[in-house]
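I have placed the structure first, in the form of structure tokens, so that the comments after it can refer back to it.
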Amino acid sequence: MRLTKKAKDAFELIKRTDDGGREFWSSRELAKILEYSDYRNFLEVMRKAWTACANSGIDPNDHFVKITEMISIGKGAEREVETWLMSRYVCYLAVQNANSSKTIVAQAQTYFAIQVRRAEKLLDEKFSEEDEKRLLLRAE
């Protein structure tokens, strides 16, 4: 399956970036795009991503950040809700555990796989450049 421009644009639209340039996504926004009409159902997907992250030897607290947001509940009223900010890595894990019978989930799996691979390449290039600099300095 190819990633459609519409799907890519949807995931890019909800992507946020912090002051350090790190990308993250809101669990509530991602759940909507993945067509989870009831956020509680998406929480199970997130639990699986948390477990997969932990079982990989990575601290999930480095990739999931809980925040409180205000959402509109109609007629100008708002209420507080819990939302999770998720790194690219745990978004990838989440979509791997989402309902793959949905076309948009398959698109999300492709999108996040591509994004994770791009990040890996950038890290590899960065470390290669640093290794090269170290070797040049050592040779001097």
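Any value given below was found using the heavy atoms of this structure, including those in side chains, with hydrogens, waters and symmetry copies removed. Source: prediction; values computed, not measured.
Taking NZ of K102 as the start and CD of Q107 as the end, the distance is 14.5 Å to the nearest 0.5 Å. Between the OH atom in Y39 and the OG1 atom in T83 there is a gap of 5.5 Å [rounded to 0.5 Å]. To the nearest 0.5 angstrom, L43 atom CG is 7.5 Å from R28 atom CZ. Here the CD-OG distance, from E82 to S27, works out to 8.5 Å after rounding to the nearest 0.5 Å. With rounding to the nearest 0.5 angstrom, the CD atom of Q109 is 9.0 Å from the CG atom of N97. Here the straight-line distance linking atom OG of S26 with atom NZ of K32 works out to 8.0 Å at 0.5 Å rounding.
The residues E12 and K15 are annotated as salt-bridged, a charged nitrogen and a carboxylate oxygen being separated by less than 4.0 angstrom.
Under a hydrophobic-cluster definition in which Ile, Leu, Val, Met, Phe, Trp and Tyr are linked whenever side-chain heavy atoms come within less than 4.5 Å, directly or via other members, F24 and V90 are assigned to different clusters. Residues F42 and I14 fall within the same hydrophobic cluster, defined by Ile, Leu, Val, Met, Phe, Trp and Tyr side chains chained together at heavy-atom separations under 4.5 Å. By the criterion of side-chain heavy atoms lying less than 4.5 angstrom apart, applied directly or through intervening Ile, Leu, Val, Met, Phe, Trp or Tyr residues, Y89 is grouped together with I114 in one hydrophobic cluster.
At least one side-chain heavy atom of M70 sits less than 4.5 Å from a side-chain heavy atom of E80.
Residues A94 and V45 approach most closely at O-CG1, 3.1 Å, considering heavy atoms. Between A10 and I33, the shortest heavy-atom contact is O-CD1, 3.3 Å.
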For R16 and L85, run side-chain contact (heavy atoms from CB on, under 4.5 Å): C-alpha distance rounded to whole Å, both residues' side-chain angles, the deciding distance at 0.1 Å, then the answer.
CA-CA 9 Å; R16 303 178 193 177; L85 303 180; 3.8 Å; yes
Kindly indicate, with the supporting measurements, whether the criterion side-chain contact (heavy atoms from CB on, under 4.5 Å) is fulfilled by L34 and F11.
CA-CA 10 Å; L34 296 179; F11 300 120; 4.2 Å; yes
Working for side-chain contact (heavy atoms from CB on, under 4.5 Å), residues M86 and F64
CA-CA 5 Å; M86 303 163 56; F64 286 92; 4.1 Å; yes
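The stretch residues 43-62 participates, sequence neighbours left out, in these side-chain hydrogen bond (donor to acceptor under 3.5 Å, both in side chains) pairs: D59-N61.
Side chain of S100 to backbone of Q96: no donor-acceptor contact under 3.5 angstrom is found.
Of the candidates W84, F112, Y36, F112 is the only one forming a side chain to side chain contact (heavy atoms under 4.5 Å, CB included) with L30.
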